[in-house]
**Q** 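Below is the structure I would like to discuss, written out as structure tokens.
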There are 2 protein chains.
Amino acid sequence: MTAARTARGRGAGRPTLEEVAARAGVGRGTVSRVINGSPRVSDETRAAVEAAVAELGYVPNRAARALAANRTDAIALVVPEPEARFFAEPYFSDIVRGVGAALADTEMQLLLTLVGGDRERRRLAQYLASHRVDGVLLVSVHADDPLPELLEQLGIPVVISGRRREDEPLASVDSDNYEGARAAVAHLVARGRRSIATITGPLDVYGARRRLDGYRAALAEAGLEELTAHGDFTEEGGRRAMAELLERAPHLDAVFAASDVMASGARQVLREDGRRIPDDTALVGFDDSAIARHMDPPLTSVRQPIEEMGRAMAELLLAEITATEPARPSLVLPTELVVRASS
Amino acid sequence: MTAARTARGRGAGRPTLEEVAARAGVGRGTVSRVINGSPRVSDETRAAVEAAVAELGYVPNRAARALAANRTDAIALVVPEPEARFFAEPYFSDIVRGVGAALADTEMQLLLTLVGGDRERRRLAQYLASHRVDGVLLVSVHADDPLPELLEQLGIPVVISGRRREDEPLASVDSDNYEGARAAVAHLVARGRRSIATITGPLDVYGARRRLDGYRAALAEAGLEELTAHGDFTEEGGRRAMAELLERAPHLDAVFAASDVMASGARQVLREDGRRIPDDTALVGFDDSAIARHMDPPLTSVRQPIEEMGRAMAELLLAEITATEPARPSLVLPTELVVRASS
DNA sequence: ATCACGGCTGGGAGCGCTCCCACACTAGTA
DNA sequence: TACTAGTGTGGGAGCGCTCCCAGCCGTGAT
């Protein structure tokens, strides 16, 4: 009468290592070796254990393993809440999908950690340390964020999305904002546009600055003059910047907005001004979001390989976790110009 | 020389219960009682323990707790991968945000589980059982999905998003698809439209059927005749259905699409046919997604309180986990008509 | 003064693993 | 023949908690 095993309740009736060992007629250590793929087991023993595992439907208890081995086989994806709202679409779900794909063939599980206000942010490092996750994926990190360095000091492997500056010291995955912007503007040049303006993102964000650099490089190549207005990645910001540009340079014949959302704002102002897109003014965005695809006319935009970035982040993190020597590579993934009717 | 404590490495140097007990001059059991908020501790002892906890920066080790208490303080959010791609926007991130908000003041942590193909889906129940999560949140469950019942049998609390049928046996959170559709069509009637068509979703999805029911109810109230074409929640499906409707009933003056994406497809066909929106044909969607906000003209749409649904799901699950008696309530949250220029 | 009965408390046992040491046993070397 | 080295294996110890039982003390009833 194994009452404890047959009783109702969570985890009830699940076989343990010990039971597998008894069934296979071997010791606990041997089963553990088989489960963990140690080579120091004879083929017959291995087969016997594997049969017992299959018969009993044994699955290791993660908590016990975590406690004994001092590793959790879990990584945390930390998403700062206020920013999440911004690029929730499609950024977030794509990152998650990429991370999930990279983890699919792994024992690693994904912990989602939404960080709200400053108070929670301050507790976060301790929180992560207590949960003893094996590594942390950090998205949307600000240039002055102390969190990455804090985690470093705690000895927790970290990978961040988007570099914070040129010489990012931490492992990071970024998209080629510079080249994406350059290609977009070169495309406008190739279409015969000669007065090409840009609406920038907030320039304290490294990626936004790189997009501006790319814009400038393309103009320099073509020997054209730059025309810049500052936005903040919001639709209203795009509207304001576009209005300012029309005031300053009514002759402009193309606009490169550093985000689709800003492009959408710009489009409204262009329409209100009676300008046809692309006939009078060509428009190009950045992100290749749902907005771009459904805009009227559909918006030419720079696609970032977000899902691949998520995948790469996870792979980098897994490498960092298993590695003895920290490597901290900075990966930059190529962007792709998706040409649609707006240019 | 507590070498083990001061050594580098994950989890190194973190104080244990025992150390807190020693510092506070009490026993292990007492510290555990304080940590877990047991009332059977005197005020002085409690204060002493809390001081020791603060001084040492003690945080309980989750793995040890999970092993000893046979609960993980974690719930899993299970997202079927193929479907995820569909309603990734904005559904997924909003659900996550809501769930995160509900869990913020809790010790519960959120495990994200992406399920890919059928093979992985089959392993999922065992997987979840082995991870010994305290509960499972299931989004996008098909009517014939065996997973919910499987989890039930394993004694794992489950909450699903969206009922699979009228008398959903499991705990569920749904939005009021019927009333949302009814309100949208009533709005068109109030605007003086008399020939109102609908583009339905796939009718094996309960929510899509309810939207059709709501459409019919509103028409019946107004004494109007129905005009139905079937879609599949895709843009192309919306286009096809719209073309079919124009063929069958060129005189129609309004269309209620059961999703924004289908409305976007319909809009293209209406434009190609030379019809102005809303002058000739009013258009209403469902979901209030980014597409609706950025459509030209902006699309009137039915907003589902997705974030609140996520929050409600988490709260229901927490209740189910702590409850002794299973309750399995079906919660239906109200929708809201967001009127924009398209109607 | 004696007993019963609560409120607090300490600490043993044990959760299911991994780690590692010790021990067989085999085969090769002197 | 003895000794070494290598392979495979069993099982003790211990990870850091929770659970629970026994024991302490003080109080009020007998």
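As a basis for the values below, the full set of heavy atoms in this structure was taken, side chains included, without hydrogen atoms, waters or symmetry mates.
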**Q** At less than 4.0 Å, is any side-chain N or O atom of N36(B) found next to OP1 or OP2 of dT18(D)? Yes or no.
**A**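 Yes, N36(B) has a side-chain N/O under 4.0 Å of OP1/OP2 on dT18(D).
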**Q** Taking only the side-chain heavy atoms of L17(A) (C-beta and beyond), determine which of dT18(D), dT18(C), dT9(C) contains the nearest atom.
**A**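 Among dT18(D), dT18(C), dT9(C), the one nearest the side chain of L17(A) is dT18(C).
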**Q** Let's see if you can work this out: which of dA13(C), dT18(C), dC19(D) has an atom nearest to the side-chain heavy atoms of R28(B)?
**A**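 Shortest atom-to-atom distance from the side chain points to dA13(C).
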**Q** Between dT18(D), dG7(C), dG16(D), spot the one nearest the side chain of R40(B), thanks.
**A**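 In terms of side-chain proximity for R40(B), the closest of dT18(D), dG7(C), dG16(D) is dG7(C).
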**Q** As a test of reading the structure: which of dG10(C), dC19(C), dG14(D) is closest to the side chain of V26(B), going by heavy atoms?
**A**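 Selected nucleotide: dG10(C).
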**Q** Checking all strands, does R33(B) fall into the base, sugar-phosphate, or nothing category for heavy-atom contacts under 4.0 angstrom?
**A**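 Base contact.
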**Q** Assign each of L67(B) and S42(B) to its nearest nucleotide of DNA chain C by heavy atoms, then name whichever residue's nucleotide is nearer the 5' end.
**A**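 Here S42(B) is the residue nearer the 5' end.
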**Q** Between the side chains of S93(B) and S93(A), does any donor sit under 3.5 Å from an acceptor?
**A**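 Side-chain D/A pair, S93(B) to S93(A): absent.
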**Q** According to a strict under-4.0 Å criterion, is T45(B) in side-chain N/O contact with OP1 or OP2 of dC8(C)?
**A**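 Checking dC8(C) against T45(B), no side-chain N or O comes under 4.0 Å of OP1 or OP2.
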**Q** Rounded at 0.5 Å granularity, tell me how far OG1 in T30(B) sits from CZ in R40(B).
**A**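 Going from OG1 on T30(B) over to CZ on R40(B), the span is 12.5 Å.
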**Q** If you assign each of P39(A) and G29(A) to its closest nucleotide in DNA chain D, which residue comes earlier from the 5' end?
**A**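 The residue whose closest nucleotide sits nearer the 5' end is P39(A).
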**Q** Let me know, please, whether N61(B) or V41(A) comes out on the 5' side of the other along DNA chain D by nearest nucleotide.
**A**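 Final value for this comparison: V41(A).
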**Q** Closer than 4.0 Å, any side-chain N/O of S32(B) to the OP1 or OP2 of dC17(D)?
**A**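 No, outside the criterion.
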